[in-house]
Amino acid sequence: MSAWDDLELLLDSPSSLTTTSNARGTVKDQANFKAEEDVAALRKAIEGLGTTEKTLIEVLTKRSNAQRQLIATAYQKATGRTLVADLEGDTHGDFEDLLVALVTPPAVYDCHEVMKAMKGPGTTESTLTEIFASRSNKQIKALSDVYLKETGRLVGHDLKSEVSGDYGKALLILAEGKREETTNVDTEKAKADAKALYEAGEKKWGTDEAKFIDILCHRSVPQLQQTLIEYKNISKKTLQESIESEMSGDLENLLVSVVKCVKNVPAYFAERLFKAMKGAGTTESTLTRIMVSRSEIDLMDIKAEYKKLFGYTLYSQLESEVSGNYGDTLKQLCGQDG
């Protein structure tokens with residue numbers, strides 16, 4: 001896709017992997033917030049005859065996650081029940097999953113998504129790839145802390161028994177959350193890394209995957225941005241194109257996702273949202289995860305990239321692909337301006 005070929009834009013755009021501000025989210029703290037009033041409204045909606053979904057949507061999409069935590073605490077104090085348990089008892093399906101996601105702290109939500117991806121027969125590699133390729137060190141550390149607290153085990157320990165081969169190696173490095181964080185770019189090192197990648201892939205018969213994994217999973221984002229530029233100077237192909245032609249399967253998906261997130265995290269998510277709604281059937285779990293987890297980070301930027309990439313707004317796509325209370329909640333999180 002052409003969006004991924006334009007490397008010149010790289011050096012001006014901060015990647016969400018390195019930004020900590022939440023100024024680009026669609027969901028903000030509500031002014032004049034009063035947890036008690038929200039609890040009263042939620043109780044009325046849940047305890048009355050038939051659940052008033054409209055109230056649940058209105059309250060939960062218009063408060064920040066931090067405010068939802070205050071609501072959940074006040075709710076339990078007032079009722080002796082947890083808000084999550086009541087939402088699970090009163091709603092169902094995708095709508096239930098979405099509301100529960102909204103009232104779950106971000107690190108706990110990421111952690112539960114990782115657990116879900118590892119549970120049962122077969123591992124959902126696409127979820128693990130999305131989470132570990134797109135989260136910052138801080139976010140990975142936070143989800144790992146929750147994992148340890150809830151299971152008594154290290155997330156890396158459990159991942160080891162679920163993923164294998166080169167994909168497993170790369171994922172385990174990312175799951176350590178130890179990507180270099182320096183903002184200084186060493187151009188000589190970027191040139192040397194680009195040359196090493198070129199010689200490990202395109203230039204030789206058979207690919208040295210270990211070299212790709214080492215560089216792409218350890219170097220800082222600004223350093224990798226420079227490396228992508230240097231690579232294209234040597235190869236005439238982008239690094240993404242080289243990975244796509246040299247590798248396959250889960251490893252290819254993971255390393256391409258890393259490269260995309262180094263270039264432009266919002267565009268990466270815009271493309272994931274598009275694919276989740278394309279073709280027959282919608283992948284609701286992916287929609288829910290991205291819309292909730294990015295709503296306070298960069299969903300405004302994701303919407304802008306979506307329009308740029310696909311020519312129509314994310315909101316209009318949601319309108320045609322998802323319906324009912326579930327669709328209404330996603331549209332509230334998205335906001336109508338695109």
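Side-chain atoms of S242 and Y231 include a donor-acceptor pair closer than 3.5 Å. In this structure, a donor-acceptor pair under 3.5 Å is absent between the side chains of Q139 and D110. Side-chain polar atoms of D186 and Q223 form no donor-acceptor pair below 3.5 angstrom.
With hydrogens and angles disregarded, a donor-acceptor distance shorter than 3.5 Å links the side chain of Y167 to the backbone of E125. In terms of modelled atom types and a separation under 3.5 Å, the side chain of Q225 and the main chain of V262 share a donor-acceptor contact. The backbone N or O of K28 sits nowhere less than 3.5 Å from a side-chain atom of S64 that would complete a donor-acceptor pair. Remark: side-chain polar atoms of T282 are not paired, donor with acceptor, to backbone N or O of K278 under 3.5 angstrom. Between the side chain of T91 and the backbone N or O of E88 there is no donor-acceptor pair closer than 3.5 Å. Counting only distance, with no hydrogens or angles, the side chain of Q67 and the backbone of Q30 share a donor-acceptor pair below 3.5 Å. Listed for the E296 side chain is a donor-acceptor partner under 3.5 Å among the backbone atoms of N65. Although no hydrogens or angles enter the test, the distance criterion places no donor-acceptor pair under 3.5 Å between the side chain of T283 and the main chain of S285. When atom types are taken as modelled, the side chain of T26 and the backbone of L333 share a donor-acceptor pair closer than 3.5 angstrom. A donor-acceptor pair under 3.5 Å is formed between the side chain of S235 and the backbone N or O of K237.
The CG atom of L314 sits 6.5 Å away from atom CG of L299, with the distance rounded to the nearest 0.5 Å. Within the model, atoms NE2 of H218 and CZ of R179 stand 9.0 Å from one another, a figure rounded to the nearest 0.5 Å. Here the OG-NZ distance, from S316 to K331, works out to 11.0 Å after rounding to the nearest 0.5 Å. Atom CD1 of I140 is separated from atom CZ of R135 by 8.5 Å, given to the nearest 0.5 angstrom. The CG atom of D193 sits 8.0 Å away from the CG atom of L224 when rounded to the nearest 0.5 Å. K303 contributes atom NZ, which lies 8.5 Å from atom OG1 of T313 (distance to the nearest 0.5 angstrom).
Using a 4.0 Å cut-off between charged nitrogen and carboxylate oxygen, E209 and K169 do not count as a salt-bridge pair. Electrostatic pairing of E47 and R81 counts as a salt bridge here, judged by a charged N lying under 4.0 Å from a carboxylate O. With salt bridges taken as basic N to acidic carboxylate O contacts below 4.0 Å, one links R24 and D301. Electrostatic pairing of E58 and K62 does not count as a salt bridge here, judged by no charged N lying under 4.0 Å from a carboxylate O.
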Worked verdict on L154 versus D158 for side chain to side chain contact (heavy atoms under 4.5 Å, CB included):
CA-CA 7 Å; L154 295 169; D158 285 359; over 6 Å; no
**Item:** Test side chain to side chain contact (heavy atoms under 4.5 Å, CB included) applied to L318 and M277, step by step
**Value:** CA-CA 8 Å; L318 289 170; M277 292 188 271; 4.0 Å; yes
* Derivation and outcome, side chain to side chain contact (heavy atoms under 4.5 Å, CB included), residues V265 and I297 -> CA-CA 11 Å; V265 170; I297 300 176; over 6 Å; no
Q. Between K263 and K260, is a side chain to side chain contact (heavy atoms under 4.5 Å, CB included) present by the stated rule, with each step listed?
A. CA-CA 5 Å; K263 291 179 188 173; K260 286 178 174 179; 5.7 Å; no
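Of the residues L174, D208, I173, the one that meets the side chain to side chain contact (heavy atoms under 4.5 Å, CB included) test with I213 is I173. Looking at R63, K44, R68 one by one, the single match for salt bridge (Lys or Arg N to Asp or Glu O under 4.0 Å) with D38 turns out to be R63.
No single ILVMFWY cluster, assembled from side-chain heavy atoms under 4.5 Å apart, contains both L102 and V146. Grouping the Ile, Leu, Val, Met, Phe, Trp and Tyr side chains by contacts below 4.5 angstrom, directly or via other members, places I302 with V322.
Legend: residues meeting salt bridge (charged side-chain N to carboxylate O under 4.0 Å, His left out) with D145, ordered by chain and number and at least two apart, are K141.
Within a 6.0 Å sphere centred on NZ of K195, other residues, nucleotides and ligands contribute 12 heavy atoms or fewer.
Hydrophobic clustering, defined by side-chain heavy atoms of Ile, Leu, Val, Met, Phe, Trp and Tyr closer than 4.5 Å, leaves M300 isolated from every other such residue.
The aromatic rings of F274 and Y312 are tilted relative to each other, their planes meeting at an angle between 30° and 60°.
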